[in-house]
Student: 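My questions all concern the structure below.
For ligands, and for the atoms within them, numbers begin at 1 and follow the listed sequence.
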Amino acid sequence: MRLAAEIAGVTFPSCIINASGPLCTTFEELKALGHSASGAIVTKSMTKEARAGNPEPRYYEFPQGSLNSMGLPNLGYQKYAEFIPRLKEFGKPIIASVAGMNGHEYEEIAGYISSKGPDLIEINLSCPNIIGKPQLGYDWEASEAVLKTVRPLVSQPLGVKLPPYFDPIHQEVMAGVLKRARIDFVVVINSVGNALIIDPDTEQVVIRPKDGFGGLGGACIKPVALANVRAFYQLLSEEMPIIGVGGIVSGVDAFEHLLAGASAVAVGTAFAKEGLGIFQRLGEELGQLLKQKGYSSAQGVIGKLRVMDD
Ligand code: DHB
């Protein structure tokens, strides 16, 4: 079965890749992704300075998903600038994920990391866990300003990782921002920000930072993810391919993301839980399903979701 994907002219050997977040911070972790069946190596979102992240406990797993408030622990962009050329040997696309604390940092990081030759760059506009910093993706003007200043500094395909939206008007407005900033691809969705899980036994929150509020991920967010993939596909499919993220635990979940309009899918919570073998498993499950259904490639499924007649 042909599981390859193409994003903004870059070929991915498999359409199933890691999401920026878990297990992609250190050089060892990035190399392990190189050896795995992941169709790309996606880095943790990098900031200007190295960060230790928020106090622990900051990650909570439960049967339907995860709650995290990691606080962007990463080694700082200079380290990823060193790593990227050394990750080329794996022969699969490298996506550098960039997160600034302000517009200037986005510019500095994206411009410098571009010169180190990642295959694509993802601008993360949606980290919910930095105390005192709102998610940029909910501020249209600030998003447009950052993307327009970064765009000319980056020579490779430039993507944007967005938070979930819950109203079609918001997706329309953001699609306009992405078009005007000449963005090449879209990654949806980041975690559902500022969710709260309560342990009724202890009568306590389950993570320490922000009094327990954190980003919700995993199986329970799939319907929100599919809705955003579909909405952006309807708005942008002519111009920008979509990487679908949110709730992918099985080959069927990946298939649903493709139907909604994703060209590739990225796995976060389930990767954190299951480890590197998940890319092989999901590839096999998706391959079998496509064969059963008579498709000859993953690409043949993109956007094929059927709606009901009026
Ligand atoms: C973190 C969480 C995110 O959802 C994100 O996009 C970036 C960073 C974090 O807490 O580390």
Student: Take Phe279 and Asn18 through the side-chain contact (heavy atoms from CB on, under 4.5 Å) test and state the conclusion after the steps.
Tutor: CA-CA 8 Å; Phe279 300 107; Asn18 71 297; 3.6 Å; yes

Student: Taking only residues at least two apart or on different chains, which pairs with a member in residues 204-216 satisfy side chain to side chain donor-acceptor pair (under 3.5 Å)?
Tutor: Asn194-Lys210

Student: Only distances under 3.5 Å count here; give the side-chain donor-acceptor pairs of residues 92-107 to other protein atoms, sequence neighbours excluded, each with its distance to 0.1 Å.
Tutor:
{"unit_1": "Lys92", "atom_1": "NZ", "unit_2": "Leu33", "atom_2": "O", "d": "2.8"}
{"unit_1": "Lys92", "atom_1": "NZ", "unit_2": "Gly34", "atom_2": "O", "d": "3.1"}
{"unit_1": "Lys92", "atom_1": "NZ", "unit_2": "Ser36", "atom_2": "O", "d": "2.9"}
{"unit_1": "Lys92", "atom_1": "NZ", "unit_2": "Ser38", "atom_2": "O", "d": "2.7"}
{"unit_1": "Ser97", "atom_1": "OG", "unit_2": "Ser45", "atom_2": "OG", "d": "2.7"}
{"unit_1": "Ser97", "atom_1": "OG", "unit_2": "Glu122", "atom_2": "OE2", "d": "2.7"}
{"unit_1": "Asn102", "atom_1": "OD1", "unit_2": "His104", "atom_2": "N", "d": "3.0"}
{"unit_1": "Asn102", "atom_1": "OD1", "unit_2": "Glu105", "atom_2": "N", "d": "2.9"}
{"unit_1": "Glu105", "atom_1": "OE1", "unit_2": "Met101", "atom_2": "N", "d": "3.1"}
{"unit_1": "Tyr106", "atom_1": "OH", "unit_2": "Asn124", "atom_2": "O", "d": "2.6"}

Student: Is there a donor-acceptor contact under 3.5 Å linking the side chains of Glu284 and Gln288?
Tutor: no

Student: Does any pair with a residue in residues 145-165 pass side chain to side chain donor-acceptor pair (under 3.5 Å), and if so which ones, sequence neighbours excluded?
Tutor: Ser114-Ser155, Ser114-Gln156, Glu144-Lys148, Arg151-Asp184

Student: Which N or O atoms of ligand 1 sit under 3.5 Å from a protein N or O, and how far apart is each pair?
Tutor:
{"unit_1": "ligand 1", "atom_1": "4 (O)", "unit_2": "Asn190", "atom_2": "OD1", "d": "2.7"}
{"unit_1": "ligand 1", "atom_1": "4 (O)", "unit_2": "Ser191", "atom_2": "OG", "d": "3.4"}
{"unit_1": "ligand 1", "atom_1": "6 (O)", "unit_2": "Asn124", "atom_2": "ND2", "d": "2.8"}
{"unit_1": "ligand 1", "atom_1": "6 (O)", "unit_2": "Asn190", "atom_2": "OD1", "d": "3.4"}
{"unit_1": "ligand 1", "atom_1": "6 (O)", "unit_2": "Asn190", "atom_2": "ND2", "d": "2.5"}
{"unit_1": "ligand 1", "atom_1": "10 (O)", "unit_2": "Met70", "atom_2": "N", "d": "3.2"}
{"unit_1": "ligand 1", "atom_1": "10 (O)", "unit_2": "Gly71", "atom_2": "N", "d": "2.7"}
{"unit_1": "ligand 1", "atom_1": "10 (O)", "unit_2": "Asn129", "atom_2": "ND2", "d": "2.7"}
{"unit_1": "ligand 1", "atom_1": "11 (O)", "unit_2": "Lys44", "atom_2": "NZ", "d": "2.9"}
{"unit_1": "ligand 1", "atom_1": "11 (O)", "unit_2": "Gly71", "atom_2": "N", "d": "3.4"}
{"unit_1": "ligand 1", "atom_1": "11 (O)", "unit_2": "Leu72", "atom_2": "N", "d": "2.6"}

Student: Under 30°, 30 to 60°, or over 60°: which ring-plane class applies to Tyr60 and Phe62, parallel, tilted or perpendicular?
Tutor: parallel

